[in-house]
There are 2 protein chains.
Amino acid sequence: MRREFKKKSKVLLIDDNYEHLVGIRELLNLEGTFDVVGIATNINVGLNLIKKYQPEIVLLDMNMPEKDGLQGIIEISKLDLDTKVLALSGYDDADLIFRAMKIGAKGYVLKTMASAQLIYAIEEVLNGKIYLPLALSSRFFEYFQQSFREENAKQESEEENLLSYLTQREEEVLELLTQGITYKGVANKLFISETTVKTHVNNIFQKLQVNDRTQAVLYAINNGFLSKKIKLTA
Amino acid sequence: MRREFKKKSKVLLIDDNYEHLVGIRELLNLEGTFDVVGIATNINVGLNLIKKYQPEIVLLDMNMPEKDGLQGIIEISKLDLDTKVLALSGYDDADLIFRAMKIGAKGYVLKTMASAQLIYAIEEVLNGKIYLPLALSSRFFEYFQQSFREENAKQESEEENLLSYLTQREEEVLELLTQGITYKGVANKLFISETTVKTHVNNIFQKLQVNDRTQAVLYAINNGFLSKKIKLTA
DNA sequence: AAAGATATAGACCACATGGTCTAGAAAAGG
DNA sequence: CCTTTTCTAGACCATGTGGTCTATATCTTT
């Protein structure tokens, strides 16, 4: 396929560094397959340009004063124009990468990367793919796994998890409490008397070292009571 | 650095396909920098070999009968030997990749990939990095973003999210409720009278269409009340 | 057989919670 | 300027909730 026959893709650039902005525009213009429909040094202006020109892709700097890049991604996606966002940043901050990808960035490239790689990233994203350079995806995954390790840590330290002291019946009662059901309701569901439920509930409080049902429910949720059932099935 | 001076890394292979198993062993032996300390066609045997030889890295087939690969990763990590797991699979199943990475696989490679890439993946993982080929990381991120889109769907459909009807003060009160605090406690924290708190709480109940504080707290949690604050700060 | 844990259930009481109504002051919006 | 919303707060009452104690039947464990 010859280039002249390929429709140029509309690109928009947002970066508070004007030098950089112009540099990228030159680069993309030289490439010939892109049509830089606008440049902006802040997000609000950028949003207006997006509405006006409806570019296929936006290169968005993450490290900007005032409104930061993350907020920018959110606001762009709220426009509902299927605008793809390729995040640009000077640093490989794992947390920033993680959050950007989480809220829907189609890629993330460092400003220090070779221009050929930037071009490649843009093309991949335009083709509907998600592009994260190996170095960044590696950092992303470290962060990703770390966050899950922490999440599982509480739940799997069964020695310290007070939930493990509950009897089967108490777990049943607690599960109903986590659905916001009253004594009477629990009694009906379990076919036992209301006072029995109260006894169970009081025992639960003792074991979980809490004073009321709300705290018990919160403890249960925060310590993986509900997710036990969900985790390995879903 | 010459190869002879480099200590060979201990590698263990687990794959129910014996042909493939032997093939990889040959490949790694030819390479010269690896020491294949054992091969196994099922996870239980593999676990014993890991305990015995303590390899730095295990290449683990994901698609095995009986115990599947995911379970294998979990059990290997439970041995607490810092064994790195590189997942092997015939397919680029996004869900499988996602779950494998979630529970701590250091990488994921397809069996169809060139042997040079497998070698590279092993070396990267041995160097403490996480390796996911571009094609797979791309699939991973699609899945990743999809799951967050679904999660945010309820929270961001503000029309239907009753939480959006709450006033600022009511949100403050609700936030304290989600910490399991009593009327009196809330009153002290906000420097208002207890009856005022009751008024707010009752208004909250009306707006959230619930009957008691436990249900209110549950509604708040399930509809992204807490994550609002966490999401953009942490 | 005895001891311990569990599930059941009653009585009694204090108080926290929820429902409803009223109402003034302050702030926001038109 | 007036209206609406929000925040404040009191009174009153019904009831749900939590604390404590006692007690029986069952079941497991020693």
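All heavy atoms count here, side chains included; hydrogens, waters and symmetry mates do not. A, B, ... follow the sequence lines: proteins, then strands. Residue 1 opens every chain.
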Whole-Å distance separating the [atom1] atom of [X] from the [atom2] atom of [N]:
X: A:Asn202; N: C:dC15; atom1: CG; atom2: P; value: 16 Å
X: A:Phe205; N: D:dT20; atom1: CZ; atom2: P; value: 12 Å
X: B:Glu170; N: D:dT5; atom1: CD; atom2: C1'; value: 11 Å
X: B:Glu171; N: D:dT6; atom1: CD; atom2: C1'; value: 14 Å
X: A:Lys207; N: C:dA7; atom1: NZ; atom2: C1'; value: 11 Å
X: A:Asn211; N: C:dA16; atom1: CG; atom2: P; value: 12 Å
X: B:Lys184; N: D:dA9; atom1: NZ; atom2: P; value: 15 Å
X: B:Ile204; N: D:dT6; atom1: CD1; atom2: C1'; value: 13 Å

Just the table, please: protein N/O against nucleotides 8-14 of chain C N/O, every pair under 3.5 Å.
| residue | atom | partner | partner atom | Å |
| --- | --- | --- | --- | --- |
| C:dT8 | OP1 | A:Arg169 | NE | 3.2 |
| C:dT8 | OP1 | A:Arg169 | NH2 | 2.8 |
| C:dT8 | OP2 | A:Arg169 | NE | 3.0 |
| C:dT8 | OP2 | A:His200 | NE2 | 2.8 |
| C:dA9 | OP2 | A:Ser193 | N | 2.5 |
| C:dA9 | OP2 | A:Thr196 | OG1 | 2.9 |
| C:dA9 | O5' | A:Thr196 | OG1 | 3.3 |
| C:dA9 | N7 | A:Thr199 | OG1 | 3.4 |
| C:dG10 | OP2 | A:Ser193 | OG | 3.4 |
| C:dG10 | OP2 | A:Thr195 | OG1 | 3.2 |

Between the side chains of [Y] and [X], is the shortest nitrogen-to-carboxylate-oxygen separation below 4.0 Å, so that they form an ion pair?
X: B:Arg169; Y: B:Glu172; result: yes
X: A:Asp61; Y: A:Lys111; result: yes
X: A:Asp35; Y: A:Lys10; result: no

Distance-only side-chain donor-acceptor flag, A:Thr199 / A:Thr196, under 3.5 Å: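 Side chains of A:Thr199 and A:Thr196: no pair found under 3.5 Å.
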B:Ser89-B:Asn63 side chain donor-acceptor pair, cut-off 3.5 Å: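 Short answer, yes.
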Residue mapping more 5' on DNA chain D - nearest nucleotide basis, A:Ile181 or A:Gln206: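 Mapping each residue to its closest nucleotide by heavy atoms, the 5'-most match is A:Ile181.
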Residue-phosphate contact under 4.0 Å: B:Tyr183 side-chain N/O, C:dC15 OP1/OP2: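 B:Tyr183 to C:dC15 OP1/OP2: no side-chain N or O under 4.0 Å.
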D:dC7 OP1/OP2 closer than 4.0 Å to side-chain N/O of B:Thr167: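 Result: yes.
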Sidechain-backbone polar pair: A:Glu56 side chain, A:Thr83 backbone, donor-acceptor under 3.5 Å: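 Not confirmed, A:Glu56 side chain does not pair with A:Thr83 backbone.
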Nearest to side-chain heavy atoms of A:Arg213, which nucleotide of C:dA7, C:dG19, D:dG18: D:dG18
Parallel, tilted or perpendicular: rings of B:Phe144 and B:Phe141 (30°, 60°): perpendicular
